[in-house]
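Counting convention: from 1, in listed order, for ligands and their atoms alike.
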Amino acid sequence: MRISVVGCGYLGAVHAAAMASIGHDVVGIDVDPEKIARLGRGEPPFHEPGFDALLREQVESGRLRFTTDFAEARAADVHFLAVGTPQARDGRAADVSYVNAAVASLAPVLRPGAVVAGKSTVPVGTAARLAPAVEAAGATLVWNPEFLREGFAVQDTLEPDRLVYGINHAVDGRAPEESPEARILDEVYAPIVGRGTPRIVTDWATAELVKVSANAFLATKISFINAMAEIAEATGADVTTLADAIGMDARIGRRFLNAGVGFGGGCLPKDIRAFGARAEELGLGASVAFLKEIDAINMRRRDRVVDLVLYALGPRRHEGRVTVLGLAFKPDSDDVRDSPALDVAVRLKGLGVHVVATDPEAIENARARHPQLEYVADTQEALAGADVVVLVTEWREFRELDPAATLALASDGASTESDVPRPPVVIDGRNVLDPVAWRAAGWDYRGMGRP
Ligand code: UGA
């Protein structure tokens with residue numbers, strides 16, 4: 001099939017390459033000429049495991065190309081909308097201006113019979129609002145949300161656990177499964193559908209809500225366990241053991257129950273805020289008012305890490321050297337949008353603490369937003385002379401640090417006349433280090449919600 005993908009960020013670029021790998025003829029469109037030029041050369045503009053090879057292969061095959069010109073979408077049978085819906089500058093709602101602009105730019109090039117498939121996460125009611133512009137061209141609009149996780153984007157796109165098609169089946173009373181749009185999407189996703197991947201065909205509003213409610217549920221799960229961490233901190237309990245124990249109940253499940261510095265990224269934080277704002281617009285604010293609490297619990301975990309660092313430094317907070325391990329919002333990504341790790345580093349710096357930050361992939365993105373921070377690319381160099389080490393993104397490299405070797409690094413060049421207490425303190429903001437091993441090596445270990 002001939003496919004266009006509008007918006008070539010973390011979602012769209014991976015989707016475009018994945019669709020080409022299925023065998024479709026794909027054009028990726030974006031308004032950013034620099035990004036398009038890089039993608040066209042087969043160079044990924046962001047870090048995503050497995051994406052480099054996929055992109056290069058598909059560009060070389062001739063099935064995948066990139067452009068800034070919407071006219072090149074004219075031949076496509078299916079157009080995917082994959083532009084961002086970030087939090088609006090002036091509030092909690094989603095900024096849907098990129099989605100609106102994408103539809104306005106596509107409308108003049110739509111062929112009758114074409115399908116526009118929205119993938120962006122949007123406030124419920126968006127598809128109904130956009131449909132007239134698409135239908136005026138004789139095309140139809142479906143909402144086909146995406147559930148990929150950064151760090152697993154390629155795998156999640158090619159092997160999703162479900163497909164959701166939101167179709168306006170009120171048109172002529174047909175069962176939505178039998179609509180031509182569902183058949184077209186089945187053809188797009190033929191190998192995925194053929195593998196027996198569950199496929200849910202529903203209406204626009206349900207499809208839009210499936211996406212935001214999935215992210216709201218995941219955020220709730222994380223904040224639930226972080227709330228238990230707060231209780232554990234006051235009572236001497238261990239939240240990781242608690243999570244293991246409650247997670248053994250299959251109804252609860254252990255995944256997404258890792259307490260720590262909390263969730264960040266371009267999705268969960270803004271999606272729960274946008275959901276709250278949309279519900280209020282609908283006069284249903286009370287239904288998801290709890291999401292404000294989820295957000296507040298999440299933000300308090302960042303305060304907690306900052307407090308632990310200040311406590312460790314004691315009264316001479318300006319003398320100690322604090323190494324922040326991690327800047328990305330999660331490992332295997334260079335994305336620093338709403339990153340708890342970057343936020344902790346920036347807040348500490350703002351409090352006059354000497355912060356040295358490192359990350360295997362996210363330094364450039366972090367520097368672009370916060371040039372005032374001191375960045376060191378090499379982990380060993382970043383750890384040299386550290387009085388306090390704060391692990392806030394659980395990259396494998398950090399999880400596997402040897403406590404004895406790290407202690408030797410931290411002791412190397414540490415200012416002896418500093419009043420900062422030794423042994424050095426390690427704050428495990430993701431509960432991924434072994435407290436016994438780190439304490440045995442001579443560290444003062446502090447976890448999140450652990451005694
Ligand atoms: C999230 C969803 O998981 C995807 O299903 C969804 O498609 C995507 O948003 C989206 O809307 O596009 P992502 O933002 O890539 O994916 O990251 P997650 O793996 O969900 O992690 C989000 C944050 O939660 C990270 O900061 C992570 O460190 C944190 N987290 C996750 C925890 O603090 N504890 C956990 O137990 C799990």
Atom 2 (C) of ligand 1: nearest protein contact (heavy atom, Å): N215 OD1, 3.6 Å
At under 4.0 Å between heavy atoms, is it the side chain or the backbone of R255 that contacts ligand 1, or both, or neither? neither
Apply side-chain hydrogen bond (donor to acceptor under 3.5 Å, both in side chains) to R300 and N226, showing your working. CA-CA 9 Å; R300 284 205 297 272; N226 279 327; over 6 Å; no
For atom 33 (O) of ligand 1, find the nearest protein heavy atom and state the residue, atom name and distance (0.1 Å precision). R430 NH1, 3.2 Å
Please state which part of N258 comes within less than 4.0 Å of ligand 1, counting heavy atoms only: side chain, backbone, both or neither. both
May I ask you to list the atoms of ligand 1 that are less than 4.0 angstrom from any heavy atom of E146? 7 (O)
Does any N or O of ligand 1 fall below 3.5 Å from an N or O anywhere on G264, backbone included? yes
Test Y165 against D203 for side-chain hydrogen bond (donor to acceptor under 3.5 Å, both in side chains), laying out the working first. CA-CA 8 Å; Y165 305 166; D203 52 83; over 6 Å; no
For the CD atom of Q58 and the CZ atom of F51, what is their distance to the nearest 0.5 Å? 10.5 Å
Do any heavy atoms of G260 fall under 4.0 Å from ligand 1? no
For atom 1 (C) of ligand 1, what's the nearest protein heavy-atom neighbour? Residue, atom name and distance, please. L268 CD1, 3.6 Å
Any non-hydrogen side-chain atom of M1 less than 4.5 Å from a side-chain atom of I184? yes
Ranking C267, G326, G429 by closest non-hydrogen atom to atom 9 (O) of ligand 1, top hit is C267
Where on D156 is there a heavy atom closer than 4.0 Å to ligand 1, on the side chain, on the backbone, on both, or on neither? neither
What's the shortest distance from atom 20 (O) of ligand 1 to any protein heavy atom, and which residue and atom give it? F256 CZ, 3.3 Å
Indicate yes or no: at least one non-hydrogen side-chain atom of V392 is less than 4.5 angstrom from one of R430. no
Separation between OG (S4) and CZ (F80), nearest 0.5 Å, reads 9.0 Å
Polar side-chain atom of T406 near backbone of D402 as donor-acceptor pair, under 3.5 Å: yes
Lys/Arg cation over aromatic F275: R278, 6.0 Å, 45° cone: no
Check whether any side-chain heavy atom of L313 sits under 4.5 Å from a side-chain heavy atom of V388, and report yes or no. yes
Candidates M19, R199, R195 - the one meeting side chain to side chain contact (heavy atoms under 4.5 Å, CB included) with Y189: M19
Closer than 4.0 Å to some heavy atom of F263 - which atoms of ligand 1 meet that? 23 (C), 24 (O), 26 (O), 29 (C)
Return the closest protein heavy atom for atom 16 (O) of ligand 1 as residue, atom name and distance. R149 CA, 3.9 Å
Over-ring placement of R337 relative to F329, 6.0 Å and 45° cut-offs: no
Applying a heavy-atom cut-off of 4.0 Å, say which part of I225 lies close to ligand 1: side chain, backbone, both or neither. neither
If hydrogens are left out, which of R337, K221, E150, K270 has an atom nearest to atom 15 (O) of ligand 1, that is, the closest non-hydrogen atom? E150
closest protein heavy atom to atom 3 (O) of ligand 1 is L218 CD1, 3.6 Å
Hey, looking at atom 31 (C) of ligand 1, which of T85, I222, L11 has the closest heavy atom? I222
Starting from atom 7 (O) of ligand 1, locate the nearest protein heavy atom and write down its residue, its atom name and how far away it is, to 0.1 Å. L148 O, 2.7 Å
So, is K330 polar-close to ligand 1, with some N/O to N/O distance under 3.5 Å? yes
Within reach of ligand 1, part of K211 (heavy-atom separation under 4.0 Å): side chain
Can you check whether F329 has an N/O within less than 3.5 Å of an N/O in ligand 1? yes
For atom 5 (O) of ligand 1, what is the nearest protein heavy atom, given as residue, atom name and distance? F147 O, 2.9 Å
Have T379 and E397 got a donor and an acceptor in their side chains that come within less than 3.5 Å? yes
On a heavy-atom basis, which atom in E187 and which in H24 lie closest, and how many Å separate them? O-CE1, 3.8 Å
